[in-house]
Number of protein chains: 2
Amino acid sequence: MTKYLSPQYEDVKPMLTAVDCIIFGIQETKLKLLVFKREVEPFAGCLSLLGRFVKVEESVSEAAERILFELTGLENIYMEQLHCFGRFDRDPGGRVVAIAYWSLIRVDQNHLEFNVRSHETKWISIDRISELVLDHGEMAELAIANLREKARFRPIGFELLPEEFTLRQLLMVYEAILDHPIDSRNFRKKLLNSGLLIPLTKKDKSTSKKGSFLYKFNQETYQKLSQEGYSFGF
Amino acid sequence: MTKYLSPQYEDVKPMLTAVDCIIFGIQETKLKLLVFKREVEPFAGCLSLLGRFVKVEESVSEAAERILFELTGLENIYMEQLHCFGRFDRDPGGRVVAIAYWSLIRVDQNHLEFNVRSHETKWISIDRISELVLDHGEMAELAIANLREKARFRPIGFELLPEEFTLRQLLMVYEAILDHPIDSRNFRKKLLNSGLLIPLTKKDKSTSKKGSFLYKFNQETYQKLSQEGYSFGF
DNA sequence: ACAAAAGTGTTCAGAGTACACCCATGT
DNA sequence: ACATGGGTGTACTCTGAACACTTTTGT
């Protein structure tokens with residue numbers, strides 16, 4: 001550490017940096033949160049977000065990806081930095097600055113892997129947020145607000161779905177995120193005109209006799225609209 | 001530090017935490033950035049954001065307020081956390097995690113104080129951002145994007161104006177932030193119908209013979225619209 | 001009288017919203 | 001034949017966007 005970085009004050013000291021992950025998924029048409037139940041004191045029995053410390057030789061964003069991978073086995077996941085939580089007394093064990101990240105994962109595809117990898121992780125309903133330990137409840141609340149805001153202007157709903165999906169599935173994702181019913185005719189109209197969907201000839205017959213057409217994302221339009229913003233004002 | 005916080009890995013070590021401030025103001029109808037010119041090596045001569053380290057016994061947000069105060073003499077300023085910049089090699093002097101904050105200040109009211117307090121601070125045009133040291137350019141770019149985004153949906157333009165202001169001043173603030181001309185008739189119509197403005201009987205005669213009416217913010221509507229969001233889609 | 005900024009209305013196009021019925025198919 | 005979810009179209013309202021002239025008053 002060179003001289004110009006030497007603290008300006010006596011009371012400037014290095015502190016631990018942690019990453020906490022708010023992981024969203026959808027199960028049974030409801031928005032869920034991936035957490036684990038602490039088994040050790042303090043706070044045994046409380047629910048906790050998935051978190052770990054940042055290593056000195058890795059960037060915070062690398063740490064976030066590593067931590068997500070270590071705890072869920074998943075890579076290449078939609079992940080976004082939420083906020084830095086820096087109350088000096090947020091962790092009774094000592095000074096820890098936490099950087100919170102949130103991510104969206106495709107539950108149906110991947111949920112098997114969690115059970116293998118991680119001890120006590122489980123999906124909880126978002127109305128159990130108050131049971132979270134430390135300031136994790138605050139983190140999760142903010143993440144939900146952020147997700148909802150984002151969902152209204154960026155086409156992130158897709159991140160929660162498998163490659164091929166039906167319009168109804170997409171609609172249900174948005175209903176789950178925004179937590180209110182959406183008119184299916186207006187939804188179809190808008191999405192089909194958006195250029196975001198590539199219609200396939202295949203049908204998914206698992207939910208009805210008639211079967212419903214499958215779609216893929218149009219990655220190109222997706223990229224463009226991600227930047228420009230697109231109003232999902234439902 | 002209690003046992004449960006002991007690092008899970010050898011290479012988890014505490015690190016310095018800094019706050020860097022992106023401070024926006026408006027001068028001559030242009031959006032400006034408050035920076036200072038480094039005089040010491042390394043990077044002497046480069047422009048730098050205002051930043052300092054976080055103390056162990058203060059929260060990160062407290063640090064942000066303290067640092068803004070120490071460097072500008074200003075308190076009770078609109079301030080918002082932007083992002084945590086955590087590249088492991090972002091500072092060649094050692095591992096420093098930076099939390100960037102941005103704020104809006106009323107230049108005309110307060111600009112005297114800066115000159116007194118701080119050595120080498122000055123306002124620069126936002127197209128000189130590339131001259132900033134380290135990753136400060138990245139920070140400032142992100143802050144501007146954030147400010148513009150925010151300005152479109154929250155009535156933050158007011159934060160850059162004195163208590164009493166004319167509609168033209170408000171319009172110019174938005175033109176400065178969004179960096180494009182705005183139709184004054186549509187702007188007036190919308191703002192006057194928004195309930196955000198309390199018309200005063202006074203006129204400001206400094207800019208024209210006719211004089212233009214002064215307004216105050218309606219704090220109540222302001223609070224409400226800050227939460228609900230309000231589209232300044234100009 | 002004139003210069004300089006303040007103030008004022010209307011029309012048009014596009015987007016969101018509300019709303020109800022027929023279609024295809026497996027059993 | 002019928003039950004189940006899939007798919008479709010229209011009318012109304014609201015909001016944003018474009019656009020040019022009159023008013024006030026100090027000099």
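Reminder, nothing fancy here: chain letters follow the sequence lines and each chain counts from 1.
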query: Does a side-chain N or O from B:Arg185 land closer than 4.0 Å to OP1 or OP2 of C:dG9, or not?
result: no

B:Asn186 CG to C:dG7 P, in whole Å, measures 16 Å

**Message:** Any N or O donor-acceptor pair under 3.5 Å from the base of D:dT24 to the side chain of B:Lys209?
**Reply:** no

Taken to the nearest whole Å, NZ/B:Lys203 to C1'/C:dA5 is 11 Å

From OH of A:Tyr230 across to P of C:dA15 the rounded distance in Å is 10 Å

Problem - Base C:dT10 paired with B:Lys189 side chain (donor-acceptor, <3.5 Å) - result: yes

Rounded to the nearest 0.5 Å, the CG atom of B:Leu132 sits from the CD atom of B:Glu138 at a distance of 11.5 Å

Exercise. Look at all strands and tell whether A:Arg188 reaches a base, only sugar-phosphate, or nothing, counting heavy atoms closer than 4.0 Å.
Key: base

In terms of relative ring orientation, are A:Phe85 and A:His83 parallel, tilted or perpendicular, with 30° and 60° separating the classes?
perpendicular

Rounded to whole Å, the NZ-P distance (A:Lys190 to D:dT8) equals 19 Å

Would you please confirm or rule out a distance under 4.0 Å between OP1 or OP2 of C:dA6 and any side-chain N or O of B:Arg168? yes

Does A:Glu228 come within less than 4.0 Å of A:Lys224, counting only side-chain N to carboxylate O?
no

Between CG of A:Leu170 and P of D:dG6 the distance, given in whole Å, is 14 Å

A:Asp183 CG to C:dC21 P, in whole Å, measures 15 Å

- Query: Taking the six-membered ring for Trp, are A:Phe158 and A:Phe165 parallel (under 30°), tilted (30 to 60°) or perpendicular (over 60°)?
  - Reply: tilted

Sorted by position of nearest nucleotide on DNA chain D, 5' first, the leading residue of B:Ser208 and B:Ser184 is B:Ser184

Inset, instruction - Return the orientation label for the A:Tyr230 and A:Phe232 ring planes: parallel under 30°, perpendicular over 60°, tilted otherwise. - result: perpendicular

OP1 or OP2 of D:dT25 sitting under 4.0 Å from any side-chain N/O of B:Lys205? no

To the nearest angstrom, the CG-P distance between A:Asn193 and C:dG16 comes to 10 Å

* Asked: Between the side-chain atoms of A:Lys210 and the base atoms of C:dA24, is any donor-acceptor pair under 3.5 Å?
  -> no

To the nearest angstrom, the CZ-C1' distance between A:Phe234 and C:dC19 comes to 16 Å

